[in-house]
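Counting starts at 1 for both ligands and their atoms, following the listed order. If you read the sequence from its start, that first residue is 1, and numbering goes on from there.
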Amino acid sequence: MEIKILGISGSPRKGNSEFLLTKGLDYVANLNDFDVKIEKYLFRGKEFKPCMGCGYCGKNGGKCIHNDDFAGLKSKWMQADVIIYSVPVYHMSMPGQVKCFIDRLGNSLFGTYKNLFDSGEDTLPRLMKVIGSITQGIHLFSGQEHTLTDLINHALLMQSIPVVGDMWESYIGAAGWTNNKINRNAMEKDFKKGNFDTRVAVEASEKLVKRAVEMAAIIKSGLKKHKKQLIKDSHYIPVLNKIKDD
Ligand SMILES: Cc1cc2nc3c(=O)[nH]c(=O)nc-3n(C[C@H](O)[C@H](O)[C@H](O)COP(=O)(O)O)c2cc1C
């Protein structure tokens, strides 16, 4: 059973978010215990306009009125079993461009699944994706937990399952800081020097991706096993159709 992982670096630069993401993805690629297909997506160089609340997506099968990089990432997001976000802390939360993506994703999905439910009400199917979050900022106690909580809330809203790494390195996700350095390669350099905090952030990122893959495998097998009961409920149809193709 193949597990499709989409690793998303939410930074507009090639920097510390990408470093932690790559560490986590490389770790599971080298474990060889699950059949993983890994794709990395970079916000760097991409354009994500903000949601205008215009309602176009609700009437047009989830298609957004903006013409930018949203549709491309939405399509990859929909296909993945595991989503790993690695984002820098911006103003105690995620960068605006990532928030723009998740605002639009959430709203557009109501349009995407409009015809799935007889009630005609705005509801979402059980997407059952496993979502893990990594973050880092320049300082300590400067927004990492808030950022992780925002991404956990996003996972729940997307009818998906947030995962963490192992204790004690990972409480609600993976987090780190760049020891008061603004450079894009601060973590990579500190890691090479054996810096303790950076090592903890790397280990947390590695275990987070590993646990996410395991959880996705457990969920996919469970969905297959209980298909007969679940298929009666429209909420499960998209995810059951998706695993049928895997
Ligand atoms: C607009 C902006 C806001 C930021 N806000 C915070 C913050 O609230 N807390 C923090 O620890 N770091 C903050 N930072 C610093 C970045 O999180 C930090 O430099 C991080 O390493 C950048 O990640 P990257 O190298 O992946 O781009 C901010 C940086 C920018 C550009």
- Message: Quick check: Arg184 and ligand 1, any N/O pair under 3.5 Å apart?
- Response: no

- Message: Ring centres under 6.0 Å, that's the criterion: do His66 and Tyr56 meet it?
- Response: no

- Message: Judged on heavy-atom distance to atom 31 (C) of ligand 1, which of Tyr90, Phe43, Phe19 sits nearest?
- Response: Tyr90

- Note on the structure: closest protein heavy atom to atom 12 (N) of ligand 1 is Ile138 N, 3.2 Å

- Item | Which of the ligand 1 atoms, numbered from 1, are nearer than 4.0 Å to a heavy atom of His91 | 3 (C), 4 (C), 5 (N), 6 (C), 7 (C), 8 (O)

- Item | Atoms in ligand 1 with a heavy atom of Thr178 nearer than 4.0 Å | 21 (O)

- Could you tell me whether Lys46 and Asp68 make a salt bridge, using a distance below 4.0 angstrom between a side-chain N and a carboxylate O? no

- Lys181 N/O to ligand 1 N/O under 3.5 Å: no

- Message: Under 4.0 Å, heavy-atom basis, I'd like to know which part of Arg13 is in contact with ligand 1: side chain, backbone, both or neither.
- Response: side chain

- Query: Against heavy atoms of Gly15, which atoms of ligand 1 measure under 4.0 Å?
  - Reply: 25 (O), 26 (O)

- Message: Heavy-atom distances under 4.0 Å decide this one: backbone, side chain, both or neither, for Gln136 against ligand 1?
- Response: both

- Nearest non-hydrogen atom to atom 26 (O) of ligand 1 belongs to which of Gly176, Pro95, Ser17, Gly96? Ser17

- Query: So, are Lys242 and Asp81 salt-bridged, with charged N and O less than 4.0 Å apart?
  - Reply: yes

- Item | Heavy-atom neighbours of Lys189 NZ exceed 12 at 6.0 Å | no

- Query: When only distance counts, is Pro88 in polar contact with ligand 1, meaning an N/O pair under 3.5 Å?
  - Reply: no

- Are any side-chain N or O atoms of Lys220 and backbone N or O atoms of Glu2, one a donor and one an acceptor, separated by less than 3.5 Å? yes

- Message: His154 and side chain to side chain contact (heavy atoms under 4.5 Å, CB included): which single residue from Thr149, Ile102, Asp103, Ile83 fits?
- Response: Ile102

- Message: Any nitrogen or oxygen of Glu18, side chain or backbone, less than 3.5 Å from one on ligand 1?
- Response: no

- Task: Hey, can you tell me if Phe70 and Phe101 have their rings parallel, tilted or perpendicular (30° and 60° cut-offs)?
- Result: tilted

- Where the side chain of Gln144 meets the backbone of Gly176, is there a donor-acceptor pair that is under 3.5 Å apart? yes

- Task: Taking Ser75 for its side chain and Ala71 for its backbone only, find out whether a donor-acceptor pair lies under 3.5 Å.
- Result: no

- With heavy atoms and a 4.0 Å threshold, my read on which part of Ser11 contacts ligand 1 is side chain

- Query: Which residue supplies the protein heavy atom nearest to atom 14 (N) of ligand 1, what is that atom called, and how far is it?
  - Reply: Val89 O, 3.2 Å

- Query: Distance from Leu156 atom CG to Leu151 atom CG, nearest 0.5 Å?
  - Reply: 11.0 Å

- Message: Can you name the atoms of ligand 1, numbered from 1 with element, that are less than 4.0 Å from a heavy atom of Ser142?
- Response: 7 (C), 8 (O), 9 (N), 10 (C), 11 (O)

- Counting from 1, what ligand 1 atoms have a heavy atom of Met92 closer than 4.0 Å? 7 (C), 8 (O)

